[in-house]
Amino acid sequence: MRPVAIITDFMANVKMWYRSKGTVFWAIAFPVLLMLLFGAIFQGQDDVTITLYVQDMDDTDMSEMFISSLEERLNIETIPSHVETDKYIADNNIRAALVIPEGFEDTVHMAYQGSNDTVSLTLSLDPTRESVNGMIRGVVAGTLQGWNNEITGAENILVYSEESLTTREFKFIDFFLPGVIGLTVMTSSIYGTIFRNTKYKKWGILRKLSTTPFSRWEYLLSKMLFMTFISFVSTFVIIIVGVVVWDISVIINAYLFVIVTSAAFAFSGMGMLISRFVKEEETADSAGGAVTFPQMFLAGTFFPLEMMPAYLGQIARVLPLYYVNEGLRDAMIYGNNTSAMNNTAVIFAIAAVLFVLGAAMTTWTE
Amino acid sequence: MKPVIDIRNLTKHYGDLIAVNDISISINKGEIFAFLGPNGAGKTTTVEICEGIRKPTSGSVHIFGREFSGRSKSIRERIGVLPQEYRSFERLTVKETLKYYASFYRRNRDIDEIIKLMDLDDKRDELYKNLSGGLKQRVGVAMALVNDPDLVFLDEPTTGLDPRARRGVWKAISALRSEGKTIFLTTHYMEEAEYLADRVAIIHNGRIVAEGSTHDLILQNGDGYTVKLHGCDKKHMVSLGWKAKVAKNNTVTLHVENPNDITRILSKVVKEGMIFESMEVRRANLEEVFLNLTGETLEGEDAE
């Protein structure tokens, strides 16, 4: 062993590292970003906002008071009383809804006069969000219990029945599978594009290509198609594992193809934009991580947005991965075509913008 | 006949740095033209402007009689390029690499023929990453030939190679001469320019300081001939009437302008009965021409 050689090599690496401004920047910025991100997600669980949609079919002072009680612990949104509940829930991609039936106030008044008649509220929940559902159930059951105690002292005249928002039985893995597809398409497209562009730039391949009749747009398109191919390979591998190992029932339709293709284009475009500013291969890894990690955790890949503070949920809505994840869930798992179409339109638009921007920013020549 | 490349008053600035300063060159059909100069002299900038990779600050480049800024596909169809410090796709074989590049052109040369010309027969199915440096450069030259180009740019094709590998690449480039290709070569190796080029332009700090055939450049700017006598006595040499330098190992070095002086030295040495172990006669080379013209060596060091 030659310690002098080891020290010399070590010092050379230190020098090379600090002379690469990009590497130094990302080495510092990335952990800071992660700290901010996870701090925001997990700090102050009291701030967590869970939304419950309420349809008040009774439309009385009493039912309004009941809603006010719920509002102390949940974020309440209203479903108009004149609409068809199931259709409204499906069209608006609602994951938790409570219907207060007509006769709510009358039943309470009668209970004060000694009647044992009950009134049943209907709580509809998305079974894939079990952690959130637990909280909603707790709040609804607790509020009803408080009212029952107030009215009768012991009798449960206000009760609720629970319905699944979908006819199928869902598990967490159903929620997770589309997220894994979205995540895989994102990471492979972004990292693949950044690494390839950085390497080809360094090796002179882009310079060589620029002297041939092969145009920059042809090159970019072929790379996009390659990333799309890779994305579909990953998608089908994930689906096969999901079906074979976890017995997930997956719907394969046109939305799935459009979303995966759009996602591959959007994230490759994002990769092109980043690689415009990444000069060394050593920086590529960190730069890719800085874009993929926040999306991975903020865009509802591993857990529902409702588990995060409301403002982070708003941030998620500007991230392309959010629309990929939601669109894939709607298309593949819930079979909610209206919502799938909306999400597909958004990701398609994002893909078009990012592809054009990325292509415009990718230079071969000076 | 119009030149294949016609560079007129080409200038390139990078901020305050003037990389190329008002140079003009013409390269004729079938010529191997070498741009000789140390690193940072402006060789690659010039050749990359000619290839359409960079844009000039001022001046123009005409290729095949038409002004070229990189956009013309018809000109790109007719040129072949080996960029500086090029590395190809590691996980493609030699043949796959050539086929890949050939797919971009309308006109193609038979891949097997190129492989044979570049002496890569036994490496055709080898992955690029497994090739030696010399073989990789030969693949680079081969890549520049897939479209059977009329004009080939080779930017420092042997930099970083050992002498044996370098000779292999020279042999490959020489093979193109017999095919009548026009070649624009950049190098900082004097031997490379001497071995390959019909005409050489010496570039220094962005300016062309001399241009012509190797023979003419040496004749006009060289120091004539160097005669070295190994293992003899300086006192005897001084008595012969020529200025001599003596090294510690008793090697006497004389510079003479006229080749007839060499005969005179040898006659006197024999007449005086002087003893020496061996005699070496060397004509001035481009390294000395460069030194005389710029006061620096091709490695970019000041001459003492």
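Reminder, nothing fancy here: chain letters follow the sequence lines and each chain counts from 1. Hydrogens, waters and symmetry mates play no part in the numbers below; they use all other heavy atoms, side chains included. Worth saying up front: this structure is predicted, and the values here are computed from it rather than measured.
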Problem - Short N-O contact, E51(B) and R207(A), less than 4.0 angstrom - result: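 Salt bridge: no.
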
Residue part contacting chain A, namely of [X], when any heavy atom lies under 4.5 Å:
{"X": "F89(B)", "answer": "both"}
{"X": "Q84(B)", "answer": "both"}
{"X": "S88(B)", "answer": "backbone"}
{"X": "F68(B)", "answer": "neither"}
{"X": "E77(B)", "answer": "both"}

Problem - Side-chain donor/acceptor of K208(A) to backbone N/O of L82(B), under 3.5 Å - result: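 No, because the side chain of K208(A) does not come within donor-acceptor range (under 3.5 Å) of the backbone of L82(B).
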
Exercise for the section: Using modelled atom types only, decide if a donor and an acceptor are shared between the side chain of R76(B) and the backbone of T212(A) within a distance under 3.5 Å. Expected result: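 Yes, R76(B) side chain to T212(A) backbone: donor-acceptor pair under 3.5 Å.
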
Handout entry: Distance (rounded to the nearest 0.5 Å) between Y101(B) OH and T211(A) OG1
Key =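 One gets 8.5 Å once the value is rounded to the nearest 0.5 Å.
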
Handout entry: Residue F214(A) excluded, over 12 heavy atoms near CZ under 6.0 Å
Key = yes

Exercise for the section: Decide side chain to side chain contact (heavy atoms under 4.5 Å, CB included) for E90(B) and W203(A); before the verdict, give the C-alpha distance in whole Å, the side-chain angles of both, and the deciding distance to 0.1 Å. Expected result: CA-CA 11 Å; E90(B) 296 204 317; W203(A) 290 358; 3.4 Å; yes

Handout entry: For chain B, the option from P213(A), S215(A), G204(A) that forms the most heavy-atom pairs under 4.5 Å
Key =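 That would be P213(A).
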
